[in-house]
Protein chains: 2
Amino acid sequence: MGRFALGMFDERGFEQTTLEDIARGLGIGRRTLFRYFASKNDMVWGDFDGVLRRLRGELAIRSPDAPLMDALRDAVIASNTYPDEALPELRTRMTLITTVPALQAHSMLRYAAWRGVVAQFAAERLGASAEDLVPRSLGYAALAASTAAFTHWVEHPREDLLTLLDRAYRLLAAGFDPARFQR
Amino acid sequence: MGRFALGMFDERGFEQTTLEDIARGLGIGRRTLFRYFASKNDMVWGDFDGVLRRLRGELAIRSPDAPLMDALRDAVIASNTYPDEALPELRTRMTLITTVPALQAHSMLRYAAWRGVVAQFAAERLGASAEDLVPRSLGYAALAASTAAFTHWVEHPREDLLTLLDRAYRLLAAGFDPARFQR
DNA sequence: GGTTTTATCGCCTTCAGTGCCACAAGTCAA
DNA sequence: TTGACTTGTGGCACTGAAGGCGATAAAACC
């Protein structure tokens, strides 16, 4: 169902596809679509709750001795590891999310929960609250690193996603100091 | 005109205020609003082009000898320095942008240009292209720092905006290493 | 079997956003 | 002064997302 919509968006374009089109294609009522998706925008996100659970799980199993940024980087990379068969669909999703303005904008709302997971993790590590400046900043910054990596991956299909994520997170941990990261 | 809309959004709420309401309040046609603003969302952004120009200008006058992250931090702080009289309106704008979902989402689109300015600056410094992973990551990360600081400022009106920005950017430059930043 | 959920979906409304067009006001030029 | 051209205004009608309401059908429960 989400797949079907994703396919239509990919073929005809997101704005060019109306909910009417999707409902007709699925042989269901337009109204019923809203029982499964909160909005048209939400249709491109697959099992995002699963992504959150997975990130939370990966963070939870990191050794408390591992440095914060190492644990974060490893957990993000692990939680973004997919079997090869899953990559084409992921690429379609991410291409839409990073290129269609309405979806780019909407991602801000969906990713708030993702940032929250990171902030919560940082807060526990630092003995702070997730609403404090440091954990919150890290939540935003981690999302920044992920977004930059995904955007690059979408634009350069030959490059490896996990390598890009690794580079982006190392860059972040190096404080973007040119002397501290190797190109 | 933007002021008037801002005031209505602030008083009645963004979603509760229709374009009809604003047009009527201004004594102009609803259609005419669209000659001045691309969308309802855009009405809360004041002179954002000015903000971009200012950031670009501040970045341009930094010494080439200053470390990248120091130059960036100083430029962002300088470009966010406002006279006290301007702060209440800024706070109103930022409160709306950081709390109303539609505006939160839309900010992603508006801030793309801001990220571009930072990426361009980083690209020049590093002898890279603004589309490369490093400059782009820094663009996203800088926006992350600014957003975290602004969000915190909105939630904690007594704290000083420039101090928060300073802390967020130092955190970023320190690679979020707990050993390298002082609480 | 009857009752209570739960799912489906049609109808109607609101509102943002857009195209089209008419009208008015101002600018410029001869 | 007049005619041509530009620019601002805004009415009208349309599309499409979103959401409220309620009727009907299907499924689950007792």
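Computed over heavy atoms, backbone and side chain alike; hydrogens, waters and symmetry mates excluded. By convention in this document, chain letters (A, B, ...) are assigned in the order of the sequence lines, proteins followed by strands, and residues within each chain are numbered from 1.
- Without hydrogens or angle criteria, B/Arg91 side chain to B/Pro157 main chain gives a donor-acceptor distance under 3.5 Å.
- Considering only side-chain N and O atoms, B/Tyr36 lies under 4.0 angstrom from the phosphate OP1 or OP2 of D/dT9.
- Map B/Thr32 and A/Phe14 each onto its nearest nucleotide of DNA chain D; the residue landing nearer the 5' end is B/Thr32.
- When the P atom of C/dC9 is taken as reference, atom CZ of A/Arg31 falls 12 Å away, rounded to whole Å.
- Here D/dA17 presents its P atom at 11 Å from CD of A/Gln16, a figure rounded to the nearest Å.
- Per the geometry, CZ belonging to A/Arg24 stands 12 Å off P belonging to C/dG10, to the nearest Å.
- Taking atom CD1 of A/Ile22 as the reference point, atom P of D/dA17 lies 8 Å away to the nearest angstrom.
- For the side-chain contact (heavy atoms from CB on, under 4.5 Å) test, residues two or more places apart in sequence or in another chain that qualify with B/Ala113 are B/Leu52.
- The side chain of B/Leu19 sits closest to C/dG17 out of D/dG16, D/dG11, C/dG17.
- Between D/dT9, D/dA18, C/dT18, one nucleotide has an atom nearer to the side chain of B/Arg35 than all others, and that is D/dT9.
- The line from CE of B/Met8 to CG of B/Asp21 is 5.0 Å long, rounded to the nearest 0.5 Å.
- At whole-Å resolution of the value, CD in A/Glu15 and P in D/dT15 are 17 Å apart.
- In this structure, CG of A/Asn41 is placed 6 Å from P of D/dA18, rounded to the nearest angstrom.
- For A/Arg30 and B/Ile28, each mapped to the nucleotide of DNA chain D holding its nearest heavy atom, the one lying further toward the 5' end belongs to B/Ile28.
- If you measure from atom NZ of A/Lys40 to atom P of D/dA18, you get 8 Å, rounded to the nearest angstrom.
- Between A/Arg170 and A/Asp166 there is a salt bridge, since a side-chain N of the basic residue sits under 4.0 Å from a carboxylate O of the acidic one.
- As rounded to whole Å, 12 Å separates atom C1' of D/dG10 from atom CD of B/Glu20.
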